[in-house]
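Okay, so here's the structure we're looking at.
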Amino acid sequence: MRHFHGTLKKVCDRHDPSYHPKFKKWCDEYFEIKHRGERRGLGGIFFDDLNDKSPEENLEFSKDCLDHVVEAYCPIVKKHMRDLYTLQEKQWQQVRRGRYVEFNLVYDRGTTFGLKTGGRIESILMSLPMTASWLYDHKPAPGSPEAELLDACKNPRDWV
């Protein structure tokens, strides 16, 4: 998380030192699943409707963010792509995917707008995972990596 968030912070700082704290907070607030009191994931940055700078400056910032997705994310994938996992870890992944589904269907502005205005349902729902799970009152074991993740989703961290 330090690598991912650190990469995003460097990009933000090149354009405006106020961006990273502002856009990280915006991300933590936007992606909250309010009925659970937790975030969909461990965050990043979120921004839209930027109009505090010229359109050219905002475009350059957006392009710089896009140009650094691979740098931020791929080292994490490469580090873990051959990791073995247990059935319990796979079950936890499915539960977290369920949180993604909940957020998108209940809170995501784009998804809810599309559903309410008669958009193409296949296009709207195609970003959802093929499999997800919901377990009744599931609580990870105290001190487990899953419990640590859930705590970070409930209490956003300053990763950098």
Side-chain angles (χ1 to χ4, degrees), residues 1-34 36-50 52-53 56-111 126-135 138-160:
M1 292 313 300
R2 281 189 264 296
H3 167 76
F4 181 80
H5 284 269
T7 303
L8 297 177
K9 184 177 184 322
K10 285 181 206 169
V11 172
C12 288
D13 287 352
R14 276 198 293 274
H15 297 269
D16 186 324
S18 74
Y19 275 2
H20 186 264
K22 180 167 77 174
F23 296 157
K24 184 203 179 296
K25 183 177 188 288
W26 196 346
C27 180
D28 290 337
E29 290 172 356
Y30 179 75
F31 290 101
E32 182 181 7
I33 304 169
K34 292 167 186 61
R36 291 192 181 273
E38 66 186 64
R39 274 69 200 161
R40 186 182 81 177
L42 297 179
I45 59 173
F46 182 79
F47 58 91
D48 64 4
D49 299 327
L50 293 181
D52 60 333
K53 296 194 168 127
E56 295 78 19
E57 289 173 291
N58 288 329
L59 177 62
E60 286 307 309
F61 171 63
S62 297
K63 286 169 44 179
D64 202 10
C65 288
L66 179 62
D67 288 343
H68 287 83
V69 170
V70 170
E71 178 186 334
Y73 188 64
C74 283
I76 300 165
V77 173
K78 285 180 182 176
K79 180 179 178 180
H80 295 287
M81 64 190 221
R82 300 206 192 296
D83 288 359
L84 299 176
Y85 55 88
T86 67
L87 185 59
Q88 291 80 16
E89 290 168 330
K90 182 66 177 176
Q91 183 180 44
W92 177 248
Q93 178 193 48
Q94 296 298 306
V95 168
R96 294 310 307 168
R97 285 179 174 180
R99 297 302 196 267
Y100 177 88
V101 171
E102 281 181 44
F103 173 81
N104 274 31
L105 293 177
V106 177
Y107 299 108
D108 183 69
R109 292 189 311 225
T111 303
M126 70 184 297
S127 71
L128 298 179
M130 290 179 66
T131 60
S133 180
W134 290 264
L135 301 174
H138 179 70
K139 292 180 178 58
S144 67
E146 294 81 4
E148 290 177 33
L149 172 70
L150 185 56
D151 185 65
C153 288
K154 289 181 179 228
N155 305 291
R157 310 283 197 267
D158 183 8
W159 299 103
V160 292

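Worth knowing before you read on, the calculation uses all heavy atoms, side chains too, and leaves out hydrogens, waters and symmetry mates.
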So which heavy atom on [X] is nearest to which on [Y], and how close?
X: Leu8; Y: Ile45; result: CD1-N, 4.0 Å
X: Pro140; Y: Ser144; result: CB-OG, 3.9 Å
X: His5; Y: Leu42; result: NE2-O, 3.3 Å
X: Lys24; Y: Pro156; result: NZ-CB, 4.1 Å
X: Pro75; Y: His3; result: CG-NE2, 3.6 Å
X: Arg99; Y: Glu38; result: NE-OE2, 2.9 Å

To the nearest 0.5 Å, how far apart are [atom1] in [X] and [atom2] in [Y]?
X: Leu66; Y: Phe61; atom1: CG; atom2: CZ; value: 11.5 Å
X: Gln94; Y: Leu135; atom1: CD; atom2: CG; value: 10.0 Å
X: Phe47; Y: Trp26; atom1: CZ; atom2: CH2; value: 8.5 Å
X: Met130; Y: Arg97; atom1: CE; atom2: CZ; value: 9.5 Å
X: His20; Y: Asp158; atom1: NE2; atom2: CG; value: 7.5 Å
X: Leu149; Y: Arg96; atom1: CG; atom2: CZ; value: 5.5 Å

Side chain to side chain contact (heavy atoms under 4.5 Å, CB included) between Tyr85 and Gln93, intermediate numbers included: CA-CA 10 Å; Tyr85 55 88; Gln93 178 193 48; over 6 Å; no

Whether over 12 other heavy atoms sit under 6.0 Å from Lys25 NZ: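 No, not enclosed.
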
Within 6.0 angstrom of Lys78 NZ, more than 12 heavy atoms from elsewhere: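 No, NZ of Lys78 has 12 or fewer neighbouring heavy atoms, counting only those of other groups under 6.0 Å.
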
Residue pairs passing the salt bridge (Lys or Arg N to Asp or Glu O under 4.0 Å) test where at least one lies in residues 140-156, sequence neighbours excluded: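 Matches after skipping sequence neighbours: Asp151-Arg157.
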
His68: side-chain contact (heavy atoms from CB on, under 4.5 Å) partners, not counting sequence neighbours: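 Scan of His68 (side-chain contact (heavy atoms from CB on, under 4.5 Å), adjacent residues dropped) gives Thr7, Val11, Arg14, Asp64, Glu71.
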
Check: Phe23 ring centroid to Tyr30 ring centroid under 6.0 Å: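 They do not qualify: ring centres at least 6.0 Å apart.
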
Residue pair Asn104 / Leu128, side-chain heavy-atom distance below 4.5 Å: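 With C-beta onward as the side chain, the pair touches.
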
Validation row: Arg40, Tyr107 side chains within 4.5 angstrom (heavy atoms):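 Not in contact.
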
Pair Asp16 + Lys22, salt bridge at N-O below 4.0 Å: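 No.
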
Test item: Thr111 side-chain N/O and Asp108 main-chain N/O as donor-acceptor pair under 3.5 Å: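 Between the backbone of Asp108 and the side chain of Thr111 there is no qualifying donor-acceptor contact (under 3.5 Å).
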
Arg39 (side chain) donor-acceptor with Leu150 (main chain) under 3.5 angstrom: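 Flag not set: sc Arg39 to bb Leu150 has no pair under 3.5 Å.
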
